[in-house]
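Here the structure is laid out as structure tokens; the discussion comes afterwards.
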Amino acid sequence: LDPIKKQNLWTEEELAKAFEERKIEQNSFEIIKEVMVKISDTAYLQTRDFYTGDFLDMDFDEVLHKSMVIYEELTDCMDTSSSREAWKSFMKKSMAAYIQCLLNSSTKIKQKKSEEAISKIQKDYETFESVFGEYLGKKTMRPSLEVIGDVKNFFESSPDFLSVSVEKMR
């Protein structure tokens, strides 16, 4: 900074301000990332209770509808790039909560209800794809969709032992 100071082009205050602005610019990615985590955590705290109770009784259409109201409210003021990142995070947290609800209900899913569970997972997969597809492309959604697809395939491969399989999968 000494060569700049010697030229007397900027005052000490202007240099200090420019340095702070540069520091902010350099750290802006980290700041944005931190803000996104906080927004995502806030959304999760507001929606996590939607995923409690019995998996087979959960109306996933209604759960996602209620969640979307919260998510849209949080993303309305964001620019396109930030909004997209937020939607990715919402999608991941929604899928994790869905899988957790399934795992928590594993003891209630008896052998006779295995077909019902598999059917529900397939229907919910389509709902998940449709709802989040409005905000994210298929490529972005693929990892989360693969998770639920793998869970469905896992259950289809051994429906007679579904409750045992879920316990092992935990």
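Small disclaimer: the values here were computed from a predicted structure and weren't measured. Atoms considered below: every heavy atom in the structure, side chains included; atoms not considered: hydrogens, waters and symmetry mates.
Taken from CG in Asn104 to CD1 in Ile99, the straight-line distance is 11.5 Å, to the nearest 0.5 Å. Here the CE atom belonging to Met58 is positioned 9.5 Å from the OG1 atom belonging to Thr52, to the nearest 0.5 angstrom. How far CD of Glu85 is from OG of Ser40: 11.0 Å, rounded to the nearest 0.5 Å. Rounding to the nearest 0.5 angstrom, the gap separating the CD1 atom in Ile148 from the CE atom in Met95 is 4.0 Å. Here Ser83 contributes atom OG and Glu72 contributes atom CD; the two are 9.5 Å apart, rounded to the nearest 0.5 Å. Atom-to-atom distance recorded for Trp87:CH2 and Thr140:OG1 is 13.5 Å, nearest 0.5 angstrom.
Proximity of Tyr51 to Gln100: side-chain heavy atoms (C-beta onward) are nowhere separated by under 4.5 Å. At least one side-chain heavy atom of Phe50 sits under 4.5 Å from a side-chain heavy atom of Ser67. Taking the side chain as every heavy atom from C-beta outward, Ile70 and Lys66 never approach each other to under 4.5 Å. Between Leu64 and Phe132, some side-chain heavy-atom pair lies under the 4.5 Å cut-off. Annotation: side chain of Leu145 is not in contact with side chain of Lys138 (no heavy-atom distance under 4.5 Å). Contact check for Lys120 versus Phe60: side-chain heavy atoms found under the 4.5 Å cut-off. Side-chain atoms of Ser144 and Phe128, non-hydrogen and from C-beta on, do get closer than 4.5 Å to each other. Looking at heavy atoms from C-beta onward, Ser94 lies in side-chain contact with Tyr71 at the 4.5 angstrom threshold.
Side-chain contact check for Ser82 and Asp79: at least one donor-acceptor pair (N or O, by modelled atom type) lies under 3.5 Å. Defined by atom type and a distance below 3.5 Å, a donor-acceptor pair is missing between the side-chain atoms of Tyr135 and Thr75.
Contact between Gly53 and Ser105 at its shortest, heavy atoms only, is O-OG, 3.4 Å. Taking all atoms of both residues into account, the shortest heavy-atom contact from Ala117 to Leu56 is CA-CD2, 3.6 Å.
Counting heavy atoms of neighbouring residues, nucleotides and ligands inside a 6.0 Å radius, atom NZ of Lys92 does not exceed 12 of them. Atom CD of Glu73 has 12 or fewer neighbouring heavy atoms from other residues, nucleotides or ligands inside a 6.0 Å radius.
There is a path of hydrophobic side-chain contacts, each under 4.5 Å, that joins Ile118 to Leu103. Leu74 and Tyr44 fall into different hydrophobic clusters, where Ile, Leu, Val, Met, Phe, Trp and Tyr are joined by side-chain heavy atoms under 4.5 Å apart, directly or via other members.
Taking the six-membered ring wherever Trp is involved, the centroid distance between the rings of Phe55 and Tyr98 falls below 6.0 Å.
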Stepwise salt bridge (charged side-chain N to carboxylate O under 4.0 Å, His left out) check, Glu126 with Lys123: CA-CA 5 Å; Glu126 292 164 3; Lys123 181 182 175 286; over 6 Å; no

